[in-house]
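Okay, so here's the structure we're looking at.
Just so it is clear, the model here is predicted, and its values are computed rather than measured. Naming convention: chains lettered A, B, ... in sequence-line order (proteins, then strands); numbering from 1 in each chain.
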2 protein chains.
Amino acid sequence: MALKKRNLSATEQILEALEERGYRSTAPRRTLAAAIGVQKRHFTAEGLRRQLPPTLGRATVYRTLKLLVEAGVLCRVMLEDGDLHYQLSHRGHHHHLLCVLCGSSQDLTGCDIEDLLAATSARHGFELSGHWLEVYGHCRDCIQNGRAAA
Amino acid sequence: MALKKRNLSATEQILEALEERGYRSTAPRRTLAAAIGVQKRHFTAEGLRRQLPPTLGRATVYRTLKLLVEAGVLCRVMLEDGDLHYQLSHRGHHHHLLCVLCGSSQDLTGCDIEDLLAATSARHGFELSGHWLEVYGHCRDCIQNGRAAA
DNA sequence: TCACTATTAGATACAAGGTATCAATAACAT
DNA sequence: ATGTTATTGATACCTTGTATCTAATAGTGA
Ligand SMILES: [Mn+2]
Ligand SMILES: [Mn+2]
Ligand SMILES: [Zn+2]
Ligand SMILES: [Zn+2]
C-alpha cells in the first residue's frame, strides 16, 4: 500500500497518501513532504524540524508525523538509547535491523517471527494482538570496513 | 542471577543486589527497596514516587531505578502506549506477554526467538548485538472472564 | 469568481519524564 | 573518631511532546 507506486518520488507519494485520505494539501504539508522525501535514513521529529523553515510551527511537525504514521507512510523506529526515529515505510507491519555503528537500518525480511510468537503465546493461553520488535547489531558494511573491531 | 535467592524477600534481595555491587546502604534506598518489593505488577517511576514519602527526592527515585536496572534486579517494560514501566526481573534477558486488558504481564518462556533472530540476521549479513521485544494481547484470565469480548 | 465552512496553522502555554549541578549530609574504611 | 567519598535532595533545566485558541486558508459548490 504505502510507497508502492514506484513511478512517483517519495515526496509525491507522501502527498498522495494524504490526499487519498481526504487531508487538505497545504503549504506546510508540501514543505514537510519534501523534507521527508530527502532524508537518507531515519530521522527524529526535532532533527527534521531543524531542516525546516523556522516559520513552520513545531506542533505542525508533530501533527504531520503522527498523520503519516497513521497513514502507513512512515514507520517509527526505536533506537537502542530510546530515541524515537521515523523513516519511510514500504510495507505494512515489519521490523528493522538497526546498525548501532553507522545508524543504517534495513527491513527484517524472511523471518516468520509472527508465527513463532503466535504459537508461543498460545502455549501461554495468551491471545496475541500486537508486538514490538527492534533488532540491533552491526551491519555488513560496518563489519567489512572494520568499524566493528574492538 | 537476580532474585535467585528464594529464601529472601524481594525487598531484601534488592538491597543485597546493591550491596553486592558496592553501593552504600542508605535510608532512601531502603525505603525504595521496600516500596518496590511491595509492588504487585509493573509500575512507573512516577507511580512509585507517589507511594513514597515526598521528602524522598525525585532524582533519587530515577537514579535508583536506573541502578537497579543495571544491576539486573528490575527490567524495563514498554507498554503499547509508550509508557515505560518497571518490574522485578527473575532472569537475565527475557521478554514479556503484556495483557492490554488487565495490565498483567508474564515472562515469555519456551521461545527460541533469540535463535530465530540470530539466524535471520545472519542471512542479512548482520551481526546481532541486542534486541527489544514486547508482546501485547489478552491473557488467559481476561479471555475466560469475557473481558476480551468485543 | 465568490463566498462559506470545516480544516489547518502557528503561537503559546502546559505537561510528563528525565538529567545536570551543586552544597550539604551520611556511610564506611581506617 | 576521623577523613574521604558516595549519596542526597533542591533546583534549574531539558526534550519531547500535547492542549488550546485565534487567524488563516483549502476546498466546496453557488
Ligand atoms: Mn521499515
Ligand atoms: Mn520479566
Ligand atoms: Zn553499519
Ligand atoms: Zn489480562
Side-chain angles (χ1 to χ4, degrees), chain A residues 14-36 39 42-71 73-87 132 134, chain B residues 14-36 39 42-71 73-87:
Chain A
I14 294 169
L15 291 173
E16 185 168 299
L18 290 178
E19 191 185 359
E20 271 171 20
R21 304 209 154 210
Y23 293 111
R24 293 184 178 177
S25 171
T26 69
R29 283 177 181 158
R30 285 188 293 270
T31 304
L32 272 161
I36 292 171
Q39 301 303 308
H42 47 79
F43 55 89
T44 63
E46 290 300 327
L48 182 65
R49 200 168 109 78
R50 263 175 254 123
Q51 304 173 32
L52 260 25
T55 52
L56 209 159
R58 210 159 71 92
T60 302
V61 175
Y62 283 97
R63 275 192 292 239
T64 306
L65 286 176
K66 182 182 284 187
L67 224 56
L68 291 175
V69 169
E70 284 162 8
V73 174
L74 292 181
C75 53
R76 292 159 171 262
V77 180
M78 183 67 73
L79 265 52
E80 214 167 9
D81 63 4
D83 254 28
L84 180 62
H85 285 227
Y86 298 85
Q87 67 180 32
W132 174 260
E134 301 284 16
Chain B
I14 293 169
L15 291 173
E16 186 167 298
L18 289 177
E19 191 183 358
E20 271 171 19
R21 305 211 153 209
Y23 293 109
R24 293 182 178 178
S25 170
T26 68
R29 283 175 182 161
R30 285 188 294 271
T31 304
L32 270 161
I36 292 170
Q39 301 303 309
H42 47 80
F43 55 90
T44 62
E46 289 301 325
L48 182 66
R49 201 168 107 80
R50 265 175 252 123
Q51 305 173 30
L52 259 26
T55 53
L56 209 159
R58 208 158 74 96
T60 302
V61 174
Y62 283 97
R63 276 192 291 240
T64 306
L65 286 176
K66 182 183 284 187
L67 224 57
L68 291 174
V69 169
E70 283 162 7
V73 175
L74 292 182
C75 54
R76 291 159 171 261
V77 180
M78 183 65 74
L79 265 52
E80 212 168 10
D81 62 4
D83 253 28
L84 180 63
H85 285 228
Y86 298 85
Q87 66 180 34

Given atom CG of L79(A) and atom P of dT16(D), what is their separation to the nearest angstrom? 12 Å
Please identify each residue that fulfils side chain to side chain contact (heavy atoms under 4.5 Å, CB included) with P53(B), with sequence neighbours left out. T31(B), T55(B)
One character per nucleotide, please: for nucleotides 20-30 of chain C, 5' to 3', B when the base has a protein heavy atom closer than 4.0 Å, S when only the sugar-phosphate does, - otherwise. ------BBS--
E46(B)/R58(B) ion pair, N-O < 4.0 Å: yes
Below 4.0 angstrom from OP1 or OP2 of dT7(D), is there any side-chain N or O of R29(B)? yes
Enclosure of Q51(A) CD (heavy-atom neighbours >12, cutoff 6.0 Å): yes
Nearest whole Å is fine: how far is dT18(D) P from L67(A) CG? 12 Å
Side-chain donor/acceptor of R29(B) to backbone N/O of L15(B), under 3.5 Å: no
Hey, what do you get for CD (E134(A)) to NE2 (H85(A)), rounding to the nearest 0.5 Å? 11.0 Å
Just the rounded figure in Å: distance from C1' of dG17(D) to CG of L48(A). 15 Å
Taking OH from Y62(A) and P from dG10(C), how many angstroms apart are they, rounded to a whole number? 15 Å
Distance in angstrom units between L18(B) CG and dT8(D) P, rounded: 10 Å
Taking atom P of dA26(D) as reference, at what distance in whole Å does atom CZ of R21(A) sit? 23 Å
Start at the 5' end of DNA chain C and walk down; is the nucleotide closest to T64(A) or to D83(B) reached first? T64(A)
Under 3.5 Å, is there a donor-acceptor pair between the side chain of T60(A) and the main chain of L56(A)? no
Report the distance from atom NE2 of H85(A) to atom C1' of dT16(D), rounded to the nearest whole Å. 12 Å
Is the number of heavy atoms from other residues, nucleotides or ligands within 6.0 Å of CD (E80(B)) greater than 12? yes
Check every strand shown and say whether T55(B) touches a base, only sugar-phosphate, or nothing at a heavy-atom separation below 4.0 Å. sugar-phosphate
Specify the separation, in whole Å, of atom CD of E46(B) and atom C1' of dG18(C). 9 Å
Polar side-chain contact R58(B)-dG18(C) base: donor and acceptor under 3.5 Å: yes
